[in-house]
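Order of the sequence lines sets the chain letters (A, B, ...), proteins ahead of strands, with each chain counted from 1. This is a predicted model, so every value here is computed, not measured.
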Protein chains: 2
Amino acid sequence: MPFLLLIEDDDAIRTGLELALTRQGHRVAAAASGEDGLRLFKEQRPDLIVLDVMLPGIDGFEVCRRIRRTDQLPIILLTARSDDIDVVVGLESGADDYVVKPVQPRVLDARIRAVLRRGERENSDSSAFGSLVIDRSAMTVTKDGQDLQLTPTELRLLLELSRRPGQALSRQQLLRLVWEHDYLGDSRLVDACVQRLRAKVEDVPSAPTLIRTVRGVGYRLDPPS
Amino acid sequence: MPFLLLIEDDDAIRTGLELALTRQGHRVAAAASGEDGLRLFKEQRPDLIVLDVMLPGIDGFEVCRRIRRTDQLPIILLTARSDDIDVVVGLESGADDYVVKPVQPRVLDARIRAVLRRGERENSDSSAFGSLVIDRSAMTVTKDGQDLQLTPTELRLLLELSRRPGQALSRQQLLRLVWEHDYLGDSRLVDACVQRLRAKVEDVPSAPTLIRTVRGVGYRLDPPS
DNA sequence: AGGCTTGTGACACCGCTGTGACAGACGGCG
DNA sequence: CGCCGTCTGTCACAGCGGTGTCACAAGCCT
């Protein structure tokens, strides 16, 4: 299920879109300011951001630029109809698509799906980490050409890590991404799953070279050097 | 060599793309209006059409619809970034893919090849998976040369799976593709049908080698190794 | 009406998953 | 350099959930 972050200061529009998008089968997090949006983004790691341009404080373009410094996820800008210059500035700030307000929810939904599809095509197929090859369409993982039997959870964990190679993900983030629930208090759940994954994926599970521990934070899948 | 028809009224974009696509190994015909495009299409029978949406006279959607009345060739729409309604209407008018202008030639080229590849797979009238041969024009399935009596649903399920060999399909996707309805809550419907199909198709139904279970996801028809 | 096909529910099995405990590793600090 | 607290690796176990399987009833076509 796609996980969206909606950043929009107007309460009516925000809650309306949040409801509509939820109905259309997305998971939605919402923020009412640029600052909140950036914080939520770092915390929750959504798949896509719907971003209003006119925000108090940090405006949409700036939010977009800051996110783009580190991340490649799709960003859809919401712009007011009257602004002509938006498109140009928006393009330069790195957005993937534009939607003009007022927007019909199903139009926005169609755009979101289109952008995600585009991204999937680009991200998908297969990626390699050393001798480890992840085939996202067959949903298989092979090591030295040999098929690995990963369990569903192990597979999802590896997929989420591999979507952000080289980036450390906290246990909280992984719980949200892989298990889709927030966790109160810590547990060894993520560690246990990482451990099982390492057993299948690493050459020497006790000296992992692919899935590295980031002490005090979480885990990180190293890109091939 | 793929033969493309490019329909685009803007002279600069048209000649630019024509040049770039020719360099990338396509044969290209070009038209500057919807009318010209339709005429050229009938005359030259290209393999694929790249079609601008905003055209004077007959617009891109209309061109798309008219072509679709009689022909199934792939159509890629070129849309301006700012248009709101494009995606929805475009989907309904039967295009196969969208590219947002301004487009980098190599991106367009990649899309073209992707769409052509997809089309080849879908239209080829027979494919083989080990001893299993699917004849799409006769709508028959044979195993070791012997005709299999598949029921309509079993056949559609196998066809959908075989259109995407090696790709895991979720139960949701299969329900949409084969049964054409979304399902709320889970059911054993897909499993049951897969089970019946396996009974006819697999050598050892209890140890399937063609239709593989992808745990936590769905099923996948393995291509011949 | 009759037979085949299809959808649904029940059920059992197996493997996965989540949990807690414990030991070892790491890093900070004196 | 050594101690100690915290964090992580590891393991076993019990519960759960997903999947295969089957039987039955309703639907559909002939």
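- Taking A:Arg14 as the reference, A:Asp11 meet the side chain to side chain donor-acceptor pair (under 3.5 Å) condition, with sequence neighbours excluded.
- For A:Asp144, the side chain to side chain donor-acceptor pair (under 3.5 Å) partners two or more places apart in sequence, or in a different chain, are A:Ser131.
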Side-chain donor-acceptor contacts of residues 23-38 of chain A below 3.5 Å, not counting sequence neighbours, with atom names and distances?
from, atom 1, to, atom 2, distance (Å)
A:His26, NE2, A:Asp109, OD1, 2.6
A:Ser33, OG, A:Asp36, N, 3.1
A:Asp36, OD1, A:Arg39, NH2, 2.9

Identify all pairs in which a protein N or O lies below 3.5 Å from an N or O of nucleotides 24-30 of chain C, and state each distance.
from, atom 1, to, atom 2, distance (Å)
C:dC26, O2, A:Arg215, NH2, 3.4

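- At a cut-off of 3.5 Å, with distance as the only test, no side-chain donor of A:Ser170 or A:Arg45 sits close to an acceptor on the other residue.
- Side-chain contact check for B:Leu51 versus B:Cys64: some heavy-atom pair is nearer than 4.5 Å.
- For DNA chain C, none of the residues of residues 203-213 of chain A falls under the heavy-atom distance limit of 4.0 Å.
- Remark: P of D:dT19 and CZ of B:Arg198 are 11 Å apart, rounded to the nearest angstrom.
- As rounded to whole Å, 11 Å separates atom P of C:dG7 from atom CG of B:Leu157.
- From one end of the helix from C:dA1-D:dT30 to C:dG30-D:dC1 to the other, with five pairs defining each end axis, the axis direction shifts by 40° (rounded to 10°).
- Considering A:Val214, A:Val190, A:Leu169, A:Leu157 as possible partners of A:Tyr219, the one that fulfils the side chain to side chain contact (heavy atoms under 4.5 Å, CB included) test is A:Val190.
- One N or O donor and one acceptor, one from the side chain of B:Arg196 and one from the base of C:dG7, sit under 3.5 Å apart.
- No hydrogens or angles were tested; on distance alone, nothing pairs the side chain of B:Arg188 with the base of D:dG18 as donor and acceptor under 3.5 Å.
- Atom CG in B:Leu197 sits about 13 Å away from atom P in D:dG20, given to the nearest Å.
- Of the candidates C:dG7, D:dT8, D:dC22, the closest approach to any side-chain atom of A:Arg171 belongs to D:dT8.
- Side-chain proximity of B:Gln195 to C:dG18, D:dT19, D:dC22: nearest is D:dC22.
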